[in-house]
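Here the structure comes first, spelled out in structure tokens, and everything after it is commentary.
The chains referred to below are lettered A, B, ... by the order of the sequence lines, with proteins before strands, and numbering in each begins at 1.
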Number of protein chains: 2
Amino acid sequence: MNAIPSNYSNQIPFHIAIDFVIFGYDEEELKLLAAKRQSTDDHQQWSLIRGFLFKNEHLEQAAARIFKEIMGHSSAHLEQLHTYSNPDYESGTYIISVVYYAIIRLSDQNKKLPKDLDAKWFNLKEIQELIFDPENIIDKAIQDLQEHAKTIPIGITLLPDKFTLTQLQAMYEAILQKKLDRGNFRKNILSVELLEKLDEKDKTGSRKGAWYYSFNENKFNNLIDNGVLIKISL
Amino acid sequence: MNAIPSNYSNQIPFHIAIDFVIFGYDEEELKLLAAKRQSTDDHQQWSLIRGFLFKNEHLEQAAARIFKEIMGHSSAHLEQLHTYSNPDYESGTYIISVVYYAIIRLSDQNKKLPKDLDAKWFNLKEIQELIFDPENIIDKAIQDLQEHAKTIPIGITLLPDKFTLTQLQAMYEAILQKKLDRGNFRKNILSVELLEKLDEKDKTGSRKGAWYYSFNENKFNNLIDNGVLIKISL
DNA sequence: ACAAAAGTGTTGCTACTACACCCATGG
DNA sequence: CCATGGGTGTAGTAGCAACACTTTTGT
């Protein structure tokens with residue numbers, strides 16, 4: 001049962017694709033990266049970003065490699081979502097697609113994409129109409145992202161090292177796609193005690209100025225290592 | 001980017017394995033099915049149940065087929081967990097392993113396993129020591145199962161068509177691995193209004209007798225179809 | 001002085017926990 | 001008549017949502 005059946009080898013030309021749902025956050029709203037398909041069908045011209053697994057490469061390695069090829073750097077949170085057996089029958093071969101999602105900060109450099117890749121950032125409503133997604137992969141990715149966001153650190157990479165609570169709240173609102181109460185948000189997020197108030201204010205947003213905070217990553221990692229699961233109520 | 005790279009075809013002999021974490025519930029505790037490995041290493045002699053994907057077969061089809069080959073029937077809730085790139089390098093080929101988990105009722109017939117399959121039911125503590133599981137697949141499966149159990153219907157297949165609330169509670173306690181308060185459990189489970197009290201009592205458990213209940217599957221499916229997510233607090 | 005965003009405090013409610021308390025009945 | 005599990009009621013509380021209120025400062 002455990003061994004590979006005889007005559008199984010080389011009979012099946014599986015191709016292992018890695019598809020990406022890449023979210024981008026630009027201090028305003030959540031965007032999604034899609035690439036133009038090399039397809040003749042006009043109705044299905046946009047698709048998720050895709051790459052292929054190489055021999056002797058782990059899935060996570062391949063995911064990181066492909067992501068870097070697209071974005072030029074590797075600072076993103078990658079998370080495996082699900083595996084599908086036939087999202088695409090191109091050229092008649094059997095493609096297994098392992099879907100990952102990533103979320104990155106849309107700084108100026110990230111907005112530049114490789115020229116050979118015909119891809120574009122869309123807002124979420126826009127893309128749902130343009131993309132061929134019978135499995136609702138995007139919805140699943142959003143749901144998974146929202147769930148994960150409640151364990152704090154995903155979002156941290158979406159903001160500068162120092163940030164105001166208002167910025168942090170805006171980020172959560174973009175991910176969760178709903179407005180949050182200011183007072184309650186502050187109480188909740190500060191009660192976790194992973195944010196540290198700095199001695200500096202951001203005066204660009206208001207007359208009064210908002211205190212900068214930073215995320216204590218060491219403290220967070222210690223908690224994780226000790227098996228403590230942080231949950232913030234949003 | 002989207003097309004399969006030229007010269008990619010047939011270069012990589014991937015094997016797509018489907019590994020199963022199969023939970024069994026026998027009205028008492030949660031068990032796990034493991035098979036004897038055909039390995040020379042004594043320390044790693046038990047492993048998850050494994051099968052392989054055939055050509056032109058969907059992942060879900062393959063999972064159902066393999067499950068049926070093992071258990072003799074197909075009445076189980078199957079759920080995809082995660083995909084790993086090298087849980088096993090047997091015979092030097094590259095195995096991609098898609099892990100599913102299933103949970104079934106350990107009735108008398110289910111306890112009988114195919115003779116050609118050298119497998120056994122273990123309790124959870126036991127197996128964690130005997131199995132080679134560097135990725136903590138089993139823990140992940142348990143967590144996922146516990147999370148899913150809160151949306152009710154998984155557990156229903158683990159009980160007869162009519163069951164007492166005490167039986168139901170025992171099932172949840174087995175899955176969640178903790179004791180629940182009787183009064184609170186009843187209030188919660190009945191507040192969902194998917195259980196219907198029958199006119200019959202089970203007198204085997206107590207002098208007083210406990211009312212039988214049945215699960216209203218139609219009502220549940222209607223709710224699901226309308227996008228209503230049921231959550232019970234346990 | 002006032003607008004506008006930052007930050008704090010208060011109130012009411014919901015839902016959960018942890019029990020205590022009855023009920024029915026076979027022996 | 002009492003032991004045993006079935007079934008119900010309730011007080012106390014933690015945590016949340018909603019909203020009002022205060023603070024600061026550039027113009």
Side-chain angles (χ1 to χ4, degrees), chain A residues 27-28 146-147 149-152 159-160 162-174 176-215 228-234, chain B residues 27-28 146-147 149-152 159-160 162-174 176-215 228-234:
Chain A
E27 307 258 321
E28 199 178 304
Q146 291 177 342
E147 198 51 45
K150 296 181 180 175
T151 53
I152 272 196
L159 294 175
K162 55 183 183 183
F163 49 84
T164 66
L165 294 186
T166 305
Q167 285 178 292
L168 189 64
Q169 183 178 344
M171 185 214 74
Y172 276 109
E173 289 178 341
L176 299 175
Q177 315 232 54
K178 67 175 181 192
K179 287 281 165 207
L180 301 172
D181 179 272
R182 190 158 30 95
N184 297 331
F185 174 79
R186 285 159 174 274
K187 264 172 282 177
N188 288 331
I189 208 83
L190 290 175
S191 72
V192 185
E193 295 191 325
L194 286 170
L195 298 182
E196 277 163 14
K197 191 196 262 179
L198 307 180
D199 284 332
E200 198 184 348
K201 275 194 169 188
D202 168 36
K203 309 276 285 180
T204 62
S206 72
R207 311 290 143 95
K208 189 180 178 183
W211 290 107
Y212 277 123
Y213 284 78
S214 70
F215 180 69
V228 181
L229 182 67
I230 295 110
K231 269 267 177 182
I232 45 181
S233 37
L234 293 172
Chain B
E27 308 258 322
E28 197 178 306
Q146 291 178 342
E147 198 50 46
K150 296 181 180 176
T151 54
I152 273 197
L159 294 175
K162 55 181 183 183
F163 49 84
T164 67
L165 294 186
T166 306
Q167 284 178 292
L168 190 63
Q169 182 178 346
M171 185 214 74
Y172 276 109
E173 289 178 341
L176 299 174
Q177 314 232 54
K178 67 176 180 191
K179 287 280 165 206
L180 300 172
D181 181 272
R182 189 159 32 95
N184 297 332
F185 173 79
R186 285 159 174 272
K187 264 173 282 176
N188 289 331
I189 208 82
L190 290 176
S191 71
V192 185
E193 296 190 325
L194 286 170
L195 297 183
E196 276 163 14
K197 192 196 260 180
L198 307 180
D199 284 331
E200 198 184 348
K201 275 193 168 188
D202 168 37
K203 310 276 286 178
T204 61
S206 72
R207 312 290 143 93
K208 188 181 178 181
W211 291 107
Y212 277 123
Y213 284 78
S214 68
F215 180 68
V228 180
L229 182 67
I230 295 111
K231 269 268 175 182
I232 44 179
S233 37
L234 292 172

What's the separation between atom CD in B:Gln169 and atom CG in B:Leu176, rounded to the nearest 0.5 Å? 10.5 Å
Send over the distance from A:Ile232 CD1 to D:dA17 P, rounded to a whole Å. 13 Å
With a 4.0 Å cut-off on heavy atoms, is B:Thr166 in touch with a base, just the backbone sugar-phosphate, or nothing at all? sugar-phosphate
If you take all heavy atoms of A:Ala149 and A:Ile232, which pair is closest and at what distance? O-CD1, 4.1 Å
Does anything in residues 182-200 of chain B reach DNA chain D, meaning a heavy atom under 4.0 Å, and if so which residues? B:Arg182, B:Gly183, B:Arg186, B:Lys187
Could you go step by step and tell me if B:Leu159 and B:Glu27 meet the side chain to side chain contact (heavy atoms under 4.5 Å, CB included) rule? CA-CA 8 Å; B:Leu159 294 175; B:Glu27 308 258 322; 3.9 Å; yes
Go through residues 201-209 of chain B and report each residue with a non-hydrogen atom lying under 4.0 Å from DNA chain C, sorted by number. B:Lys203, B:Arg207, B:Lys208
Could you tell me whether B:Glu196 and B:Lys162 have a side-chain N and a carboxylate O separated by less than 4.0 Å? no
Return the minimal non-hydrogen interatomic distance between A:Asn184 and A:Asp181, and the atom names on each side. N-OD1, 2.9 Å
B:Ser233 OG to B:Lys187 NZ distance, which is reported to the nearest 0.5 Å: 10.5 Å
Mark yes when over 12 heavy atoms from residues, nucleotides or ligands other than B:Lys231 sit less than 6.0 Å from its NZ; otherwise mark no. yes
Side chains of A:Leu180 and A:Asn188: does their closest heavy-atom pair fall under 4.5 Å? no
If we only count heavy atoms from C-beta on, is the A:Arg182 to A:Arg186 side-chain gap below 4.5 Å? yes
Calculate the interatomic distance between A:Lys150 atom NZ and D:dC16 atom P; express it in whole Å. 11 Å
Going 5' to 3' on DNA chain C, which nucleotide is the first and which the last to come under 4.0 Å of a heavy atom in chain B? C:dC16 to C:dG26
Between D:dG15 (P) and A:Leu234 (CG): distance, integer Å: 16 Å
Atom pair distance, as rounded to whole Å: NZ in B:Lys179 and P in D:dG5: 12 Å
Separation between CD of A:Glu200 and CH2 of A:Trp211, rounded to the nearest 0.5 Å: 9.5 Å
So which of B:Leu198, B:Leu190, B:Leu168 actually passes side-chain contact (heavy atoms from CB on, under 4.5 Å) with B:Tyr213? B:Leu190
To the nearest angstrom, the CD-P distance between A:Gln169 and D:dA17 comes to 13 Å
